[in-house]
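Structure first, then comments.
Owing to the predicted nature of the structure, the values given are computational and were not obtained by experimental measurement.
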Amino acid sequence: MTAMVKAEGVHKSFGPAHILKGIDLEVAPREVFCLIGPSGSGKSTFLRCINHLEQISAGRLSVDGELVGYRQKGDKLYELKDSEVALKRRDIGMVFQRFNLFPHMTAIENVMEAPVQVKRESKAVARARAGQLLDRVGLSDKANNYPSQLSGGQQQRVAIARALAMEPKLMLFDEPTSALDPELVGEVLDVMRGLAEDGMTMIVVTHEMGFAREVGDALVFMDDGVVVESGHPRDVLTNPQHDRTKSFLSKVL
């Protein structure tokens, strides 16, 4: 079976700052893959590399068997044109810490926008599907509300619906609950649980250890740009092998 995501010796530098220092990992189809670690450990940067929002400095990164951002000819890698990258990026949904909704559009218009603009779907088809997706995230009654009329948790659920509107094969979540008030976290995690049950392949950068333990199939602890420890979430969280993992978990659990 082809891995949905495969990273081989992935490095990323911003000038002199070496952020990712040789990441090797594989994410299987239908897997919920959780990334944990302290701020600045490279988790979000790695996520951004997967859909080529950041270009890797060395190594290889592929999604569903195809290189991200590059084409291979013989031994050489050639960077794809922006238009080709954008085409590939359609298969990857991303949900950010901040909801990034268009403030001048209603919830349903936010969800419709990409299918209409990028996939050239008719407005009628896009609207019908957007309605179904808002229903799926529990917001069918908020379809005509603007982002300013929604709570943070509701905005984040609209953002998830918007990412799903492109029918991605992979969903990336970059700390999707970190900007939310504690009482709103549960409603977003419930939507993510539902996606996991439906078999969506997900990579989740999170501080929600309960979610990682209950829903995750695999967990990686990153620190200072490297994978320190990996395994089944319950094993890593209850019986960490590495001192650095133990130290981190002692502060967050």
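- For the pair R60 (side chain) and E8 (backbone), a donor-acceptor distance under 3.5 Å is absent.
- Side-chain atoms of E229 and T245 form a donor-acceptor pair, as typed in the model, at a separation below 3.5 Å.
- A salt bridge between E167 and R90 is absent, with no side-chain N of the basic residue lying under 4.0 Å from a carboxylate O of the acidic one.
- Residue M112 holds its CE atom at 12.0 Å from CG of L133, rounded to the nearest 0.5 Å.
- For the pair K12 and F14, the cation sits on the ring face: its NZ or CZ lies under 6.0 Å from the ring centre, inside 45° of the axis.
- The shortest side-chain heavy-atom distance between L20 and C49 falls under the 4.5 Å cut-off.
- A salt bridge is defined here as a Lys NZ or Arg NE, NH1 or NH2 lying under 4.0 Å from an Asp or Glu carboxylate O, and D198 with R136 meets this definition.
- Atom CD of E121 is separated from atom CZ of R129 by 7.5 Å, given to the nearest 0.5 angstrom.
- A donor and an acceptor atom, one from each side chain of Q55 and E79, are located under 3.5 Å apart.
- Within the 4.5 Å cutoff, side-chain heavy atoms of L170 are placed close to those of I50.
- Within the structure, every pair that satisfies the salt bridge (charged side-chain N to carboxylate O under 4.0 Å, His left out) test and touches residues 14-23, not counting sequence neighbours, is listed here: K21-D224.
- Between the side chains of E109 and Y146, no donor N or O sits under 3.5 Å from an acceptor N or O.
- Checked against a 6.0 Å centroid threshold, the rings of Y78 and Y70 do not count as neighbours.
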